[in-house]
Participant: 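To start, I am sharing the structure in question, which I have written as structure tokens.
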Amino acid sequence: MTGELSPIDKAKFVAAKRAAAFVEDGMRVGLGTGSTAAWLVRCLGERVREEGLSFKGVPTSTRTADLAREVGIEVITLEEARWLDLTIDGADEFDGELNLIKGGGGALLQEKIVATASDQMVVIADAAKEVETLGAFPLPVEVIRFGWTATQALLEEALVSMDVMNRDSTLRMNGDTPYLTDEGNFILDLHLTRIGDPRQMALILNQIPGIVENGLFIDICDRVVIGYADGRVETRDINAGTVEEHRMEFAEGDNLFRDI
Ligand code: 5RP
């Protein structure tokens with residue numbers, strides 16, 4: 001199956017496969033959202049079916065919950081789990097300090113709650129997600145529907161004093177209607193091009209009434225697993241300051257779609 005994958009999907013797949021090995025029996029694990037996280041869920045489902053791996057998964061979206069159940073993972077809520085050993089999720093961008101932009105898939109709120117309720121957060125990504133400075137990817141901000149245009153105006157006013165290159169914001173759409181998050185909120189995408197001080201921005205944005213959460217994950221991620229299309233995987237641990245390299249083999253048995 002991997003022979004049919006695009007180079008970017010191969011990179012996502014090997015990162016996910018490597019990170020799936022971090023899950024151990026008895027763990028409570030946050031399961032991210034997005035195409036890379038979907039590979040992770042499939043890889044974990046394979047481990048459940050083939051190795052009898054026993055763990056509980058806390059999904060960060062209804063999409064991930066549906067897929068996790070489909071592949072045989074036991075799904076529980078964060079309320080039931082209370083605290084997690086590990087969360088593994090994708091990202092839209094990560095920088096050298098492992099600060100992230102997340103929310104391209106619209107699940108940033110549940111993703112941030114789950115990641116911060118975890119002993120460890122691991123990001124899985126293809127190498128194209130690494131940036132020197134965050135901000136080329138539009139920053140998702142989840143806002144309450146009530147008075148969202150007033151919230152947008154306050155937000156744009158706050159951006160005036162911030163170190164960014166552009167200050168446009170757009171309401172995320174799903175066809176002709178606004179995109180709705182799993183929590184029933186809207187998303188404003190901030191087209192900033194460059195975020196000079198992501199830590200300050202994350203704090204200031206969350207002071208604005210109407211903003212529920214922003215997609216900047218600061219000091220939350222512990223490790224990033226970077227996949228390459230040729231099967232190489234690099235794991236960087238920001239706390240230990242280590243970098244490990246592995247090579248993942250593409251095997252016929254990796255036909256995870258066929259197995260579902
Ligand atoms: C969803 C996210 C995703 O992790 C992010 O958008 C990356 O997605 P993909 O793995 O499809 O590139 O934050 O809200």
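Nothing fancy with the numbering, it's 1 onward along the sequence. These figures come from a predicted structure and were not determined experimentally. Basis for what follows: all heavy atoms, side chains included, without hydrogens, waters or symmetry-related copies. For ligands, and for the atoms within them, numbers begin at 1 and follow the listed sequence.
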Participant: Output the list of atoms in ligand 1 that are nearer than 4.0 Å to some heavy atom of Asp89, sorted by atom number.
Facilitator: 4 (O)
Participant: Below 4.0 angstrom from a heavy atom of Asp92, which ligand 1 atoms are there? Numbered from 1 as shown, please.
Facilitator: 5 (C), 6 (O), 7 (C), 13 (O)
Participant: In the protein, what heavy atom is nearest to atom 11 (O) of ligand 1, and what distance, to one decimal place, separates them?
Facilitator: Ser35 OG, 2.5 Å
Participant: Which residue owns the protein heavy atom closest to atom 3 (C) of ligand 1, what's the atom, and how far is it?
Facilitator: Thr33 O, 3.2 Å
Participant: If we only consider heavy atoms of Ala91, is any one of them less than 4.0 Å away from an atom in ligand 1?
Facilitator: yes
Participant: Please check whether Gly90 reaches ligand 1 - meaning an N/O of the residue sits under 3.5 Å from an N/O of the ligand, judged on distance alone.
Facilitator: yes
Participant: Using the six-membered ring of Phe94, assess whether NZ or CZ of Lys129 lies under 6.0 Å from its centre and within 45 degrees of the ring axis.
Facilitator: no
Participant: Show the atoms of ligand 1 that are less than 4.0 angstrom away from any heavy atom in Gly106.
Facilitator: 14 (O)
Participant: Suppose we measure from atom 10 (O) of ligand 1 to each protein heavy atom; which comes out shortest, and what is that distance?
Facilitator: Thr36 OG1, 2.5 Å
Participant: Under 4.0 Å between a Lys/Arg side-chain N and an Asp/Glu carboxylate O for Asp219 and Arg199?
Facilitator: yes
Participant: Quick one: which ligand 1 atoms are inside 4.0 Å of a heavy atom on Gly34?
Facilitator: 11 (O)
Participant: Is any side-chain heavy atom of Ile195 closer than 4.5 Å to a side-chain heavy atom of Asp163?
Facilitator: no
Participant: What is the minimum heavy-atom distance between Glu156 and Ser169, and which atoms define it?
Facilitator: OE2-OG, 2.6 Å
Participant: Could you check if a side-chain atom of Phe13 sits within less than 4.5 angstrom of a side-chain atom of Cys43, using non-hydrogen atoms only?
Facilitator: yes
Participant: Check whether any N or O atom of Gly103, backbone or side chain, sits under 3.5 Å from an N or O atom of ligand 1, and answer yes or no.
Facilitator: yes
Participant: For a 4.5 angstrom cut-off between non-hydrogen side-chain atoms, does Val123 reach Arg223?
Facilitator: no
Participant: Cation-pi check for Trp39 against Arg42: NZ or CZ below 6.0 Å from the six-membered ring centre and within 45 degrees of the axis, yes or no?
Facilitator: yes
Participant: With respect to atom 12 (O) of ligand 1, which of Gln110, Arg63, Lys129 exhibits the smallest heavy-atom separation?
Facilitator: Lys129
Participant: What residue among Arg47, Glu46, Arg49 forms side-chain contact (heavy atoms from CB on, under 4.5 Å) with Val71?
Facilitator: Arg49
Participant: Nearest protein heavy atom to atom 1 (C) of ligand 1, by residue and atom, and its distance?
Facilitator: Glu111 OE2, 3.1 Å
